[in-house]
Trainee: 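Could you have a look at this structure, given as C-alpha cells, before my questions?
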Amino acid sequence: MKQSRIYMKRWLAANERSKQVPTDTWYLHFASQLLLLIDQSPLYCKKSETERVDAAISLALYFQDCIAQSGGWKEFSDAYYGLYKSYLPFYTLTDAYTPDEINVEDLSFVQWTLFSRYAIFEEDEVIVQNPHNPNLLALSQEAYVLMDASFEEAPICDEPSSPIWVMGLDLLEMPQVPLPEIKPGMQLKKDVENCLAYSKGEPLLYFSVYDELCKFFIEELKWENKNESLLPELKNERNFVIYANAKGMLIAPNVSYCFCDPHNPTYNAANAADRGFKLFTYPGACPFDLVKYGMAKGLFPDLQLPFPGGKEVLHDNWDFIARYFLCEYYEGE
C-alpha cells in the first residue's frame with residue numbers, strides 16, 4: 001500500500017491555525033507514525049487515503065491536547081462530564097481511567113466519531129459505528145502503546161487546538177427539557193381534551209393507516225370533513241402515533257410499530273428491532289418529545305443499534321446518541 005503523506009498545511013488546518021508553532025513538527029511526525037498503524041489496520045482497509053490521514057491527525061490532536069491539557073479534547077471531556085457525570089459514552093470506565101492522561105477508551109471514542117456520520121442533508125446516509133468493534137479496539141490499544149512510549153518526550157503546545165474537532169460543543173450545551181406534563185386543573189387545547197377523553201386518559205393513540213386517522217379526526221375531534229382539513233400530506237403514510245400532551249396534540253407517522261404498548265395494535269417487535277434506531281439517528285424521523293416519552297415509559301424494549309450489542313449501547317447512551325445524530329432536531333420542534 002502506498003504510504004500517505006501528511007503535510008504541515010493539513011495539520012495546521014486541523015488545528016484551525018495558519019501560523020506554525022514550535023511543537024507542530026513533532027506532532028506532525030507523530031501523526032505519520034500513527035498513520036503506519038492505521039494503514040495496517042483492517043478497520044481502515046477500505047478507507048481512502050484522505051480518511052486514513054484524517055484519522056492519524058485526529059489521534060495526534062488527541063495526544064497533543066492530553067499533553068497540553070487544553071484544546072478540543074479537553075473541552076469535549078469537560079462538557080461531557082458536566083452533562084453526564086462521566087467522561088465518555090459507550091465504555092465502562094474503571095479506576096485505571098485517568099482524565100488528564102491518555103486512555104485507550106478515549107482513542108476508541110475518537111475513532112467512533114470518525115466512522116459515525118450524521119445526516120447534514122435529508123438524503124445523506126447515516127452511519128452508526130459499533131464502539132466495541134474488535135478492530136477499532138485493537139487499533140486504539142496499538143495507538144495507546146505508541147503514545148505511552150512517547151508521553152515523556154511529547155512537547156506541550158501553547159496554542160489550543162480547535163474547540164470543535166471532536167464534535168460540536170453546542171450539541172452538549174443543549175438543555176434537557178422536561179416532558180410536557182399535564183397537571184390537574186391545567187387548561188388544555190380542545191383536541192388534547194378530546195384525545196384524552198377518547199383514550200380514557202392515555203396520552204398515546206395509535207392508528208395503522210390514514211383512513212383510520214381521518215375517521216378519528218372527524219368523529220372524535222370534530223374536524224371538518226374536507227380534504228384540506230384532514231392533513232392530506234399524510235395520506236401516503238401509515239403507523240401513526242398521536243401524543244396528547246400539555247403543549248398540544250403531536251402527530252407522528254411511520255413510528256407506531258416501535259411502541260410496545262398494550263394499547264398499540266400496530267406494534268411489531270421485529271420491525272422495531274430492525275429499524276427503530278432511526279428514531280434516535282435520523283433527523284425528523286420522530287418528534288423528540290415522543291422519543292423522550294417512549295424512553296421514559298419503557299416503550300422501546302426492542303430498539304437496538306444495527307450491530308452486536310446494539311441494544312445495550314442504545315439504551316445506555318440514548319440521550320448522547322440523539323444529540324450527536326439529530327443535531328438541531330434534538331429538543332427541536
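Residues: numbered from 1 along the sequence shown. The basis for the numbers below is simple: all heavy atoms, side chains too, and nothing from hydrogens, waters or symmetry mates. What you see is a predicted model; the values in this text were computed from it and never measured.
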Trainee: Got a sec, which pairs hit salt bridge (charged side-chain N to carboxylate O under 4.0 Å, His left out) with one end in residues 57-79, sequence neighbours left out?
Mentor: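 Non-adjacent pairs meeting salt bridge (charged side-chain N to carboxylate O under 4.0 Å, His left out): Lys74-Asp78.
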Trainee: Say whether Leu196 and Leu213 are linked into one hydrophobic cluster, either directly or through other cluster members, by side-chain heavy-atom distances under 4.5 angstrom.
Mentor: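 Yes: a chain of side-chain contacts under 4.5 Å links Leu196 to Leu213.
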Trainee: Determine, using the 4.5 Å side-chain heavy-atom cutoff (strictly less than), whether Val53 and Trp26 are members of one ILVMFWY cluster.
Mentor: yes
Trainee: Without hydrogens or angle criteria, can the side chains of Gln69 and Asp100 be said to hold a donor-acceptor pair below 3.5 Å?
Mentor: no
Trainee: Between Phe240 and Ser256, is the side-chain contact (heavy atoms from CB on, under 4.5 Å) condition met? List the steps.
Mentor: CA-CA 5 Å; Phe240 300 92; Ser256 68; 5.9 Å; no
Trainee: Of all the heavy-atom pairs spanning Asp106 and Glu101, show the shortest one and how long it is.
Mentor: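 Closest pair (atom of Asp106, atom of Glu101, distance): OD2-O, 4.1 Å.
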Trainee: Is it true that a side-chain atom of Lys9 and a backbone atom of Ser18 form a donor plus acceptor pair closer than 3.5 Å?
Mentor: no
Trainee: For the CG atom of Asp54 and the NZ atom of Lys47, what is their distance to the nearest 0.5 Å?
Mentor: 11.0 Å
Trainee: Do Asn239 and Pro253 have side chains that approach each other closer than 4.5 Å (heavy atoms only, starting at C-beta)?
Mentor: no
Trainee: Just by distance, no angles: are the side chains of Trp223 and Asp191 close enough, under 3.5 Å, to form a donor-acceptor pair?
Mentor: yes
Trainee: Angle between ring planes, Phe320 versus Phe90, binned at 30° and 60°: parallel, tilted or perpendicular?
Mentor: perpendicular
Trainee: Under the 3.5 angstrom rule, does the side chain of His315 hit a backbone N or O of Phe300 as a donor-acceptor pair?
Mentor: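 Yes, because the side chain of His315 sits within donor-acceptor range (under 3.5 Å) of the backbone of Phe300.
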Trainee: Same cluster or not: are Val209 and Ile218 linked, directly or through other Ile, Leu, Val, Met, Phe, Trp or Tyr residues, by side-chain heavy atoms under 4.5 angstrom apart?
Mentor: no
Trainee: For the side chain of Ser208 and the backbone of Thr266, is there at least one donor-acceptor N/O pair under 3.5 Å apart?
Mentor: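 No, the answer is negative, given that no donor and acceptor are paired below the 3.5 Å cut-off.
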Trainee: What do the steps show when you test Leu139 against Ile38 for side-chain contact (heavy atoms from CB on, under 4.5 Å), and what is the final call?
Mentor: CA-CA 7 Å; Leu139 181 56; Ile38 289 167; 4.1 Å; yes
Trainee: Hey, does the side chain of Arg323 reach the backbone of Leu171 with a donor-acceptor pair shorter than 3.5 angstrom?
Mentor: yes
Trainee: Please say yes or no: joined through hydrophobic side-chain contacts below 4.5 Å, possibly via intermediate residues, are Tyr198 and Tyr206 part of one cluster?
Mentor: no
Trainee: Given side chains that start at C-beta, do those of Asn133 and Leu137 come closer than 4.5 Å, heavy atoms only?
Mentor: no
Trainee: List the steps and the verdict of side-chain contact (heavy atoms from CB on, under 4.5 Å) for Leu299 and Tyr293.
Mentor: CA-CA 8 Å; Leu299 301 181; Tyr293 185 86; 4.2 Å; yes
Trainee: Do side-chain atoms of Ser229 reach the backbone of Asn225 as a donor and acceptor pair under 3.5 angstrom?
Mentor: no
Trainee: If you group Ile, Leu, Val, Met, Phe, Trp and Tyr by side-chain heavy-atom gaps below 4.5 Å, do Tyr44 and Leu146 land in one group?
Mentor: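 The answer is yes; both residues are in one hydrophobic cluster.
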Trainee: With no hydrogens and no angle check, is any side-chain donor or acceptor of Tyr91 less than 3.5 Å from a backbone partner on Pro131?
Mentor: yes
Trainee: Can a donor-acceptor pair be found between the side chains of Asp319 and Tyr330 at a distance below 3.5 Å?
Mentor: yes
Trainee: Which heavy-atom pair separates Tyr243 from Asp289 by the least distance, and what is that distance?
Mentor: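 Closest pair (atom of Tyr243, atom of Asp289, distance): CE2-O, 3.9 Å.
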Trainee: Hey, does the side chain of Ser150 reach the backbone of Met147 with a donor-acceptor pair shorter than 3.5 angstrom?
Mentor: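 Side chain of Ser150 to backbone of Met147, a donor-acceptor pair under 3.5 Å: no, none is there.
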Trainee: Would a distance-only check, ignoring hydrogens and angles, find a side-chain to backbone donor-acceptor pair under 3.5 Å from Asp261 to His263?
Mentor: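 Here the side-chain-to-backbone pair exists.
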Trainee: Does the side chain of Glu220 reach to within under 4.5 Å of the side chain of Lys222, using non-hydrogen atoms?
Mentor: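 Of all side-chain heavy-atom pairs linking Lys222 with Glu220, none is under 4.5 Å.
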Trainee: Looking only at non-hydrogen atoms, find the nearest pair between Ala56 and Ala31 and report the distance.
Mentor: CB-O, 3.5 Å
Trainee: Quick check: Phe63 with Phe30 (ring centres under 6.0 Å apart)?
Mentor: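 Close enough - the centres of the two rings lie under 6.0 Å apart.
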Trainee: Could you tell me whether the side chain of Val110 reaches within less than 4.5 Å of the side chain of Leu61, counting heavy atoms only?
Mentor: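 Leu61 vs Val110: side chains apart.
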Trainee: Using a 3.5 Å distance criterion without hydrogens, assess whether the side chain of His132 forms a donor-acceptor pair with backbone atoms of Gly310.
Mentor: no
Trainee: Is the closest side-chain heavy-atom distance between Ile242 and Leu250 below 4.5 Å?
Mentor: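 Of all side-chain heavy-atom pairs linking Leu250 with Ile242, none is under 4.5 Å.
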Trainee: Please tell me if the side chains of Lys189 and Met249 come closer than 4.5 Å, counting only heavy atoms from C-beta onward.
Mentor: no
Trainee: Do the non-hydrogen side-chain atoms of Lys292 and Val177 ever get within less than 4.5 Å of each other?
Mentor: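 A side-chain contact exists here, since the closest heavy-atom pair is under 4.5 Å.
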Trainee: Roughly how far, to the nearest 0.5 Å, is SG of Cys258 from CG of Asp274?
Mentor: 10.0 Å
Trainee: Begin from the C-alpha positions of Tyr97 and Tyr87 and carry the test ring pair (Phe, Tyr, Trp, His ring centres under 6.0 Å) through to its verdict.
Mentor: CA-CA 9 Å; Tyr97 184 91; Tyr87 293 101; 5.8 Å; yes
Trainee: Counting only N and O atoms by type, is there a donor-acceptor contact under 3.5 Å from the side chain of Arg17 to the main-chain atoms of Ser161?
Mentor: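 Between the backbone of Ser161 and the side chain of Arg17 there is no qualifying donor-acceptor contact (under 3.5 Å).
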Trainee: Got a sec, which residues hit ring pair (Phe, Tyr, Trp, His ring centres under 6.0 Å) with Phe207, two or more places apart in sequence or on another chain?
Mentor: Phe216
Trainee: Hey, does Gln111 have a side-chain heavy atom less than 4.5 Å from the side chain of Leu43?
Mentor: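 Yes - at least one pair of side-chain heavy atoms lies under 4.5 Å apart.
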Trainee: To the nearest 0.5 angstrom, please state how far the CG atom of Asp158 sits from the CD1 atom of Ile156.
Mentor: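 Asp158 atom CG to Ile156 atom CD1 measures 7.5 Å (nearest 0.5 Å).
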Trainee: Go through the side-chain N and O atoms of Thr23 and Gln64 and say whether any donor and acceptor fall under 3.5 Å apart.
Mentor: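 Side-chain D/A pair, Thr23 to Gln64: absent.
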Trainee: Rounded to the nearest 0.5 Å, how far apart are CE of Met174 and SG of Cys327?
Mentor: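 SG of Cys327 is found 7.0 Å from CE of Met174.
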Trainee: Write down the atom of Asn268, the atom of Asn271, and the distance for their closest heavy-atom approach.
Mentor: OD1-N, 2.9 Å
Trainee: Return the OG to CZ distance between Ser32 and Arg5, rounded to the nearest 0.5 Å.
Mentor: 9.0 Å
Trainee: Can you give me the closest heavy-atom contact between Tyr118 and Tyr324, atom names plus distance?
Mentor: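 Minimum heavy-atom separation between Tyr118 and Tyr324: CD2-O, 3.7 Å.
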Trainee: Give the intermediate values and the outcome of side-chain contact (heavy atoms from CB on, under 4.5 Å) for residues Ile182 and Leu188.
Mentor: CA-CA 8 Å; Ile182 296 177; Leu188 301 175; 4.0 Å; yes
Trainee: To the nearest 0.5 Å, tell me how far Asp24 CG sits from Asn15 CG.
Mentor: 6.0 Å
Trainee: Quick one: sort the Phe109 and Trp112 rings into parallel, tilted or perpendicular, breaks at 30° and 60°.
Mentor: parallel
Trainee: Can you see which heavy atom on Cys214 is nearest to which on Leu230, and at what distance?
Mentor: SG-CB, 4.1 Å
Trainee: Examine the side chains of Glu105 and Ser108 and answer whether a donor and an acceptor come within less than 3.5 Å of each other.
Mentor: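 Note: Glu105 and Ser108 side chains miss the donor-acceptor criterion.
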Trainee: Taking atom CD of Glu312 as the centre, report whether more than 12 heavy atoms of other residues, nucleotides or ligands fall under 6.0 Å from it.
Mentor: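 Not buried by this count: 12 neighbours or fewer within 6.0 Å.
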